[in-house]
Engineer: 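Here it is, the structure, as structure tokens.
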Amino acid sequence: MNGDFLTRMQNIDRRVIYTVVFLVLLFPMFNPIGLPLKISLVTQKAFDAVDALPAGSLVMFTTANAPGTAAELEPQSIALMRHAINNKLRVVLNPTAAESPRFVDGYRQMFLKAGYVEGKDFLVLPYLAGGETLFGAMGSDLKSAYSMIAAGSSALWDSIDGMQDFDMLADCGGGESQLWALAHIEAKHKTPTICLITAVILAVRQPYFTSGQYKGIVSGLSGAAEYEVLARVPGKGASGMDAQSMGHLWVIFTILAGNIAYFITKGKKSSGGDR
Amino acid sequence: MKILRSSVPIWLGVFGGSIVLLAMFIKIPVHVGLWSKWFLEWRVILASFALTLGAGNLLRIHANRIRMKREAWMYSYVTIVALIGYTVLGILFKRTHPVYSFIFDNAYSPLSATVFSINAFYISSACYRAFRARNGHAAVLLLSGVIVMLGSVGIGYAIWPGFNTMTQWIMNYPNSAAMRGMNIGAALGIIGVSLRVIFGLERGHLGGE
Amino acid sequence: MQLVAGTLGKVWFLIAFTVIFWFFVDRTAKGHKLVIRRIAGFDALDEAIGRCTEMGRPVHYTFGVGELDANVLASFDVLGYVSGQCARMDTDIIITNALGEVQMMTEEIVRSAYVHAGKPDAYKADNVRFVSSVQTAYMSAILGIFQRERPGANLMLGPFFAESMMLAEAGQQIGAIQVGGTGRTIQVPFFIAACDYTLIGDELFVAGAYIGRKPLQVGAVYAQDFGKWLTLLLIVAGTILATSGNNFVTDLMKK
Amino acid sequence: MSASPGVWLAAIFTLAIYSFLYGDNPVYKFSEHLFVGLGAAHMAVMGWESMFNRAWTPLYTKGEWWWSGAIIGGIMLLTRWFRPIQWISRIPLGFMMGVAAGLSARSAIDSQFWRQIQSTVTMKLNTTNNIVYVVIVVCTLAYFLFAFNEKSGLGQGIKGVGLVGQYMMMIAFGASLGSTIMARLSLVIGRLDFLFKTWLGVLK
């Protein structure tokens, strides 16, 4: 190894890194390694909270799932829906982001296939814009927030007076909706709340779990995998975990290699790409 | 006329902002709460209207691009056709129309998911550069980053279970505490900036000084 | 008038904040010089614009795709300054927007900055662009703009979501000098990783005071600092008292 | 290999976007421009639907008159398209800014400021972890003090404490970056899963 090689390595073409990321992720998808899966406390608690609900309990599922984040949120949501179906829970599906209604259609099909009756065992609310404002409106008066749903059109909807009738609120998204759920619904009605989130925001949501405001958190693809194991509903989450581990290993390797090269060539001038 | 142009927008902002803020504290008179509710709802509708204007701006820019034959102008036709065609389809035939759903599922969704996933490549190359122990700050960043990376996937646990414990600790203490400090600071900044609007002192966004 | 339960403390805090705000506004207006510590991110703005002028490349400015909030408003102060400088130096500035209302406001800000700089004709309406309110579509368009128009500086100040990483890395790839800043603290790490200068959290909100030094804005910074001193006091006193079993501060804050 | 035209289309778009990682090219340009158009259209459709559901229907069928404020404001915004009366659009714009400021201040005071302090002051300094936590909050906050003279003794002190805070923030940033890599990799895994399982069918 000479200094030239090391300098070049520090300023390695991005495309090399990209290609290896692809390969490293693909390899374990074809050759599963079966690395251990450790169930984290947040997922365990989320599962426990749902599992403790007796059959017929009413769950509100607010989702801000969007194509961009679906790779993480969709496996979680599907695991939760299947768990709900197995435990015979009644569910109100509520798309809260403009890109979510298509995903909710998918869950609707799942319920119909499982023999649920729309309007009696489960319900799909229309999408309304508003973000935080919408959560505020739901918390203060659910029925008037959705006043466009005519009375008598659904037995389930008619039996609900407001958020106080729900036994659980599950909020799914990669944005701020979990905070709105806390501020406007959990704080007001003490509805047990869990959230399904992208792994990125776990760091900032964890304090709310510690304080007991969330009963549990399903976070990222690993959360989905753990939930699938707990609820015994195998799905996409578990199959991606090996690839994740390998991807991580590669990133750590590049970082270490980069640092070693940096220290050996330290003092020599490195050109570009190193700001 | 001058008042309508320059002062009315500011004072409406002052009125709207203070009602929304006061509604947090004041229970009686009841109007404050009711008006605040209305104002917040109006804002959502107004944002939808503003989005239409945004789409109009997009159309104008792409039309100009075609007119002036700027770089990559041919592609502007694609944007214009997609924008007008898909909007008409969605409004006239509703989102539930099979063609609308087909495009959403097989063009919009994969495009969106793939663009988002480019983040993975970008973050790995950014980390490659950022995680280099050039100075004290960078060394600290590097160390905590690598520990958390190892602690959050199965392979780290397989190498040494301690990574998992350390990750939990970093997340719950230094990370959570520093984030809290930053949040409190930022909150005060937000309050300062917002009050300037509520006091009617800001007018740059309305073309004023 | 009746207060909502549990908000008395907050009301008093806001009143104190307002009083201090106006007190310092008054002082600065009367000519007292008030000091603010150095913030490298703002000092870098001129360097960034200067480099663009030298290289003949445009400046790119963005607020990200977040909602219209205090982050955007603080960023407006910076935009006003930057677009004025660009007008003076005859450097193009491209602004990309994700919200209709912010698009309209930026049009006003940039246009009036050009007018104030004495170059109303140099204002290019097509450079204040609405791109998309869909986060990923916005990202894909920016990737394209960066490759094709090659901005020499990329200024990202506002309420960012996941687009922060992509914007910063894409800018890094074309060798743009970058300043990133957001009050959404969760996005700060990505700016740290890929930007030359980062404004962390509250630093963004002193933009107006730091750049413009207008009495009103400097007053707000002093009020913000008062809030921080108060917080420090509450935390130190509160935790020490709590350790000895006294819940005075906790109870006080519940009122 | 899938026989569905939809899957093929999706696969082509996936590859088109990934081609940008190699470099800008016509296929990417096409996809990008298409996506920008579709995105704006979808938002317009959702906006229209929401406006209709949320404002127009209650106004028209239930006589909730106050929705008319939003609709009139919206129409005022549209004057932006007509130069001579463009200034009218500033009226709703000013209103929107005010409401946004009010809402921002509201959530900042409550959840970001007050409640964060509240949950800190209840901490008892009887475990190392709690002491570490409180010290870090204090140091970080000190970094964000602005109004002081850097040359004075007090200023030097604040700067010193702030420097410790800065190091603590670096730990937090490192942790965020580290945990984000995982989240982002999942997104690529999702796409690879689609390409090799749904489209090519070579992955079981």
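Order of the sequence lines fixes the chain letters, A, B, ..., with proteins taken first and strands second; residue numbering starts at 1 for each chain.
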Engineer: Would you check if there is a donor-acceptor pair between the side chains of B:W169 and D:N129 at a distance under 3.5 Å?
Structural biologist: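 Yes - a donor-acceptor pair under 3.5 Å links their side chains.
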
Engineer: Mind ranking D:G69, D:G165, D:A55 by heavy-atom pairs under 4.5 Å with chain B and telling me who comes out on top?
Structural biologist: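 Heavy-atom pair counts peak at D:G69.
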
Engineer: State whether the number of non-hydrogen atoms from other residues, nucleotides or ligands found under 6.0 Å of B:F199 atom CZ is greater than 12.
Structural biologist: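 More than 12 heavy atoms, drawn from other residues, nucleotides or ligands, come within 6.0 Å of this atom.
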
Engineer: Under 4.5 Å from any heavy atom of chain D, what part of B:Y122 do you find: side chain, backbone, both or neither?
Structural biologist: side chain

Engineer: Using side-chain contact (heavy atoms from CB on, under 4.5 Å) as the criterion, point out the one residue from D:M96, D:M76, D:M51 that pairs with B:L46.
Structural biologist: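 So the option named by the test is D:M96.
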
Engineer: With a 4.5 Å cut-off on heavy-atom pairs, point out which of D:A40, D:S104, D:G6 contacts chain B the most.
Structural biologist: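 Winner by heavy-atom pair count: D:G6.
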
Engineer: Between B:F39 and D:F95, is the ring centroid distance below 6.0 Å?
Structural biologist: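 Between D:F95 and B:F39, which both carry aromatic rings, the centre distance is below 6.0 Å.
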
Engineer: Nearest 0.5 Å please: distance from the OG atom of B:S124 over to the CD1 atom of D:I181.
Structural biologist: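 Rounded to the nearest 0.5 Å, the OG-CD1 separation comes out at 7.0 Å.
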
Engineer: When heavy-atom pairs shorter than 4.5 Å are enumerated against chain D, which of B:A113, B:A55, B:A139 gives the highest number?
Structural biologist: B:A113

Engineer: Under 4.5 Å from any heavy atom of chain D, what part of B:I45 do you find: side chain, backbone, both or neither?
Structural biologist: side chain

Engineer: For D:V137 and B:A177, work out which heavy atoms get closest and say how close.
Structural biologist: CG2-O, 3.6 Å

Engineer: With respect to D:I171, which candidate in B:V148, B:V140, B:L141 satisfies the side-chain contact (heavy atoms from CB on, under 4.5 Å) definition?
Structural biologist: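 For D:I171, the side-chain contact (heavy atoms from CB on, under 4.5 Å) test succeeds with only one of B:V148, B:V140, B:L141, which is B:V140.
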
Engineer: Need one label for B:S18: side chain, backbone, both or neither, based on atoms under 4.5 Å from any heavy atom in chain D.
Structural biologist: neither

Engineer: Should we count NE2 of B:H31 as having more than 12 external heavy atoms under 6.0 Å?
Structural biologist: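 No, the 6.0 Å shell around NE2 holds no more than 12 heavy atoms from other groups.
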
Engineer: Under a 4.5 Å cutoff for heavy-atom pairs, which residue among B:G189, B:A107, B:S36, B:G56 has the most contacts with chain D?
Structural biologist: B:A107

Engineer: Using non-hydrogen atoms and a 4.5 Å limit, figure out which bit of D:E49 sits close to chain B: side chain, backbone, both or neither.
Structural biologist: side chain

Engineer: Specify the closest pair of heavy atoms between B:A187 and D:Q112, including all atoms of both residues, with the distance to one decimal.
Structural biologist: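 Reported closest heavy-atom pair: CB-CB, 3.7 Å.
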
Engineer: Checking heavy atoms, do the side chain of D:F20, its backbone, both or neither come under 4.5 Å from chain B?
Structural biologist: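 The answer is the side chain of D:F20.
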
Engineer: Out of D:L93, D:I117, D:L78, return the one with the most heavy atom pairs under 4.5 angstrom to chain B.
Structural biologist: D:L78

Engineer: Quick check for you: among B:I118, B:N172, B:I170, which has the greatest number of heavy-atom pairs under 4.5 Å with chain D?
Structural biologist: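 Answer, by heavy-atom pair count under 4.5 Å with chain D: B:I118.
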
Engineer: In Å and rounded to the nearest 0.5 Å, what is the CZ to CG distance from D:R106 to B:L40?
Structural biologist: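 The CG atom of B:L40 is 6.0 Å from CZ of D:R106, to the nearest 0.5 Å.
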
Engineer: If a pair satisfies ring-ring contact (aromatic ring centres under 6.0 Å, His included) and one of its residues is in residues 116-149 of chain D, list it, with sequence neighbours excluded.
Structural biologist: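 ring-ring contact (aromatic ring centres under 6.0 Å, His included) check on residues 116-149 of chain D returns no pairs.
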
Engineer: If you count every heavy atom of other residues, nucleotides or ligands that lies below 6.0 Å from B:F102 atom CZ, does the total exceed 12?
Structural biologist: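 Counting neighbours around CZ of B:F102, more than 12 heavy atoms of other residues, nucleotides or ligands fall under 6.0 Å, so yes.
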
Engineer: Please report the closest heavy-atom contact between B:A82 and D:L38, naming both atoms and the distance.
Structural biologist: CB-N, 4.0 Å

Engineer: Which heavy atom in B:H137 sits nearest to a heavy atom in D:Y167, and how many Å separate them?
Structural biologist: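 Heavy-atom minimum between the residues: N-CE2, 3.7 Å.
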
Engineer: What's the separation between atom CD in D:E32 and atom CG in B:L111, rounded to the nearest 0.5 Å?
Structural biologist: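 So the CD of D:E32 and the CG of B:L111 are separated by 10.5 Å.
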
Engineer: Is B:V8 close to chain D through its backbone or its side chain, or both, or neither, when contacts mean heavy atoms under 4.5 Å?
Structural biologist: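 The side chain, not the backbone.
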
Engineer: If I measure from the heavy atoms of chain D, does B:F121 come under 4.5 Å with its side chain, its backbone, both, or neither?
Structural biologist: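 For B:F121, side-chain heavy atoms alone lie under 4.5 Å from chain D.
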
Engineer: With under 30° as parallel and over 60° as perpendicular, where do the rings of D:W66 and B:W38 fit, or are they tilted in between?
Structural biologist: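 If you compare the ring of D:W66 with that of B:W38, the planes turn out parallel.
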
Engineer: Quick one: CG on B:N183 to CZ on D:R115, what's the gap to the nearest 0.5 Å?
Structural biologist: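 So the CG of B:N183 and the CZ of D:R115 are separated by 13.0 Å.
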
Engineer: Only pairs of heavy atoms separated by less than 4.5 Å count here; which of B:L142, B:V78, B:L188, B:I191 has the most with chain D?
Structural biologist: B:V78

Engineer: Starting from the C-alpha separation in whole Å, work towards a yes-or-no answer on side chain to side chain donor-acceptor pair (under 3.5 Å) for B:R180 and D:T140.
Structural biologist: CA-CA 9 Å; B:R180 179 169 289 178; D:T140 316; over 6 Å; no

Engineer: With a 4.5 Å cut-off on side-chain heavy atoms, are B:Y173 and D:I136 touching?
Structural biologist: no

Engineer: Taking C-beta and beyond as the side chain, do B:M74 and D:K29 meet within less than 4.5 Å on heavy atoms?
Structural biologist: no

Engineer: Between B:W11 and chain D, with a heavy-atom cut-off of 4.5 Å, which part of the residue counts as in contact: side chain, backbone, both or neither?
Structural biologist: neither

Engineer: By a 4.5 Å heavy-atom criterion (distance strictly below it), what part of B:T52 contacts chain D: side chain, backbone, both, or neither?
Structural biologist: both

Engineer: Checking side-chain polar atoms at under 3.5 Å, does D:R54 have a donor or acceptor matched by the opposite partner on B:S48?
Structural biologist: no

Engineer: Checking an interface table here. Which of residues 190-203 of chain D come within a heavy-atom distance under 4.5 Å of chain B?
Structural biologist: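 D:R191, listed by number.
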
Engineer: To the nearest 0.5 Å, what is the distance between OG on B:S117 and CD1 on D:I17?
Structural biologist: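 Output value for this atom pair is 9.0 Å.
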
Engineer: Answer with side chain, backbone, both or neither: which region of D:A142 has an atom nearer than 4.5 Å to a non-hydrogen atom of chain B?
Structural biologist: neither

Engineer: For the pair D:F35 and B:Y108, name the ring-plane relationship: parallel under 30°, tilted 30 to 60°, perpendicular over 60°.
Structural biologist: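 Aromatic pair D:F35/B:Y108 classed perpendicular.
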
Engineer: Relative to chain D, which segment of B:Y77 carries a heavy atom at a distance below 4.5 Å: side chain, backbone, both, or neither?
Structural biologist: neither

Engineer: Specify the closest pair of heavy atoms between D:H42 and B:Y86, including all atoms of both residues, with the distance to one decimal.
Structural biologist: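 Closest approach of D:H42 to B:Y86: N-CD2, 4.2 Å.
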
Engineer: Any idea which of B:M149, B:M182, B:H62 has the most non-hydrogen atom pairs under 4.5 angstrom with chain D?
Structural biologist: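 Counting heavy-atom pairs under 4.5 Å, the top option is B:M182.
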
Engineer: So with a 6.0 Å cut-off around NZ of D:K62, is the heavy-atom count from everything else above 12?
Structural biologist: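 Atom NZ in D:K62 is packed in, count exceeds 12.
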
Engineer: At a 4.5 Å cut-off on heavy atoms, which part of B:M171 comes close to chain D: side chain, backbone, both, or neither?
Structural biologist: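 For B:M171, side-chain heavy atoms alone lie under 4.5 Å from chain D.
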
Engineer: Quick one: does D:L15's side chain get under 4.5 Å of B:T114's, heavy atoms only?
Structural biologist: no

Engineer: Identify which of D:S186, D:P26, D:A11, D:S89 forms the greatest number of heavy-atom pairs closer than 4.5 Å to chain B.
Structural biologist: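 Looking at each of D:S186, D:P26, D:A11, D:S89 in turn, D:P26 comes out on top.
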
Engineer: Under a 4.5 Å heavy-atom cut-off, does chain D meet the side chain of B:L89, its backbone, both or neither?
Structural biologist: neither

Engineer: Side chain, backbone, both or neither: which part of D:S107 has a heavy atom under 4.5 Å from chain B?
Structural biologist: neither

Engineer: In Å and rounded to the nearest 0.5 Å, what is the CD1 to CH2 distance from B:I184 to D:W114?
Structural biologist: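 Answer for the CD1-CH2 pair, B:I184 versus D:W114, is 11.5 Å.
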
Engineer: Quick one: what part of D:V7 sits under 4.5 Å from any heavy atom of chain B, side chain, backbone, both or neither?
Structural biologist: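 When you check distances to chain B, only backbone atoms of D:V7 fall under 4.5 Å.
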
Engineer: Tell me, side chain or backbone of D:S119 under 4.5 Å from chain B's heavy atoms, or both, or neither?
Structural biologist: both

Engineer: Keeping B:T79 on the side-chain end and D:L34 on the backbone end, is there a donor-acceptor pair under 3.5 Å?
Structural biologist: no

Engineer: Below 4.5 Å, heavy-atom pairs only: which of B:R95, B:R43, B:K94, B:R60 has the largest tally toward chain D?
Structural biologist: B:R95

